[in-house]
Novice: 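Dropping a structure here in structure tokens format, bear with me for questions.
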Protein chains: 2
Amino acid sequence: MNAGFQFPPNVLAAECPSRTVLKHLTSQWGVLVMLALQGGTLRFSALRRRVGGVSERMLSQTLQALEGDGLVLRIAHPVVPPHVEYSLTVLGVGAAERVGALTGWIEDHLAEIQAAQVTA
Amino acid sequence: MNAGFQFPPNVLAAECPSRTVLKHLTSQWGVLVMLALQGGTLRFSALRRRVGGVSERMLSQTLQALEGDGLVLRIAHPVVPPHVEYSLTVLGVGAAERVGALTGWIEDHLAEIQAAQVTA
DNA sequence: GGAAGTACATACATAAATGTTAGTATGAGA
DNA sequence: TCTCATACTAACATTTATGTATGTACTTCC
């Protein structure tokens, strides 16, 4: 059924397949896309406006990676001006919660961090 | 006191300073180092052995970034064969908890994710 | 005596991430 | 008619991340 991996999964192990998922989720744009989709379904261009600084290319690549991991659902309506909607899968909602907890923590403690930066 | 940033902090905004901290924490090695230090104080070489795949160069750079954000504490004992200890600061403990929640989630749901990858 | 371990820095080289520009097919609005 | 918006892809250029090799100063173990 599965290849010869070590179990249970451990991200600290270099060859653990969880590393790939970790990379997708913690990539610069991966984090932000998950966060943006936490607010609900969004179209490609709306997502692009929501995530400050993403290029179309990066957004599309990031979405494909997350879709490939089963975290994001892509629904394309075959209409003439393209209409595609992105949302979180059930699995994605769980991941987004943890990602959101991290970014939320950073936002809440940014002042303290900046104070530490000056002192150090 | 502070420059002309927008408040409150918002990672979805391209110019928000929280983006820098996010980058450090979600960098490939940043995540893993925080995780490794969750288990307690470690010396440089022990840390290197713990985090599968890091090179000395990356480990040292990562530690410096995290130290600069006030998340990691570095204590150097001025002895002849160098002896340096790394640990999480109070601030770092909070960050590590969120990072750990994310990596833990990934490890716990890796099977589901892999199933989705095959199907998709 | 020679090898190995410690905690790095520095220089160089390469791999990976990201950005920029242009292009596609078509409909709506000025 | 001309431009804009949509959701992309492909090609190319650049920046950033990461790896590799080497050196250091001194000590301990074989």
Novice: Between A:Pro82 and A:Lys23, which is nearer to the 5' end of DNA chain C once each is assigned its nearest nucleotide?
Specialist: A:Lys23

Novice: To the nearest Å, give me how far apart CD (A:Gln28) and C1' (D:dT15) are.
Specialist: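 For the pair A:Gln28 CD and D:dT15 C1', the rounded distance is 12 Å.
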
Novice: Under 4.0 Å between a side-chain N/O of B:Arg43 and OP1 or OP2 of C:dA7, yes or no?
Specialist: yes

Novice: Within the 4.5 Å heavy-atom criterion, are A:Val11 and B:Leu35 side-chain neighbours or not?
Specialist: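 A side-chain contact exists here, since the closest heavy-atom pair is under 4.5 Å.
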
Novice: Just call it for A:Gly30: base, sugar-phosphate, or nothing, with non-hydrogen atoms closer than 4.0 Å on any strand.
Specialist: nothing

Novice: Quick one: B:His83 NE2 to C:dT6 P, roughly how many Å, whole number?
Specialist: 11 Å

Novice: Hey, does A:Glu85 reach any base, or is it just sugar-phosphate, or nothing, if we go heavy atoms under 4.0 Å?
Specialist: nothing

Novice: Can you identify which nucleotide, out of D:dT6, C:dA7, D:dC8, has its nearest atom closest to the A:Arg49 side chain?
Specialist: D:dT6

Novice: Taking only side-chain nitrogens and oxygens of A:Gln61, does any of them come within less than 4.0 Å of OP1 or OP2 of C:dT18?
Specialist: no

Novice: Hey, any chance B:Leu37 and B:Leu73 share a hydrophobic cluster, counting ILVMFWY side chains that come within less than 4.5 Å of each other, even indirectly?
Specialist: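 Different hydrophobic clusters.
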
Novice: Output the single nucleotide from D:dC8, C:dT18, C:dC8 whose closest atom is nearest the side chain of A:Phe44.
Specialist: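 Nearest to the side chain of A:Phe44 among the choices is D:dC8.
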
Novice: Within the 4.0 Å heavy-atom criterion, would you say A:Arg48 contacts the bases, only the backbone, or no part of the nucleic acid?
Specialist: nothing

Novice: Heavy-atom nearest nucleotide on DNA chain C for B:Ser60 versus A:Ser55: which residue maps closer to 5'?
Specialist: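 By nearest-heavy-atom nucleotide position, the 5'-most residue is B:Ser60.
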
Novice: Starting at atom CD of A:Gln64, determine the distance to atom P of C:dT18, rounded to an integer number of angstrom.
Specialist: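 From A:Gln64 CD to C:dT18 P: 15 Å.
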
Novice: At under 4.0 Å, does any side-chain N or O of A:Arg57 touch on OP1 or OP2 of D:dT14?
Specialist: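 False: A:Arg57 side-chain N/O out of range (4.0 Å or more) of D:dT14 OP1/OP2.
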
Novice: If you assign B:Glu56 and A:Val84 each to the DNA chain D nucleotide with the nearest heavy atom, which residue ends up on the more 5' nucleotide?
Specialist: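 In this pair, the answer is A:Val84.
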
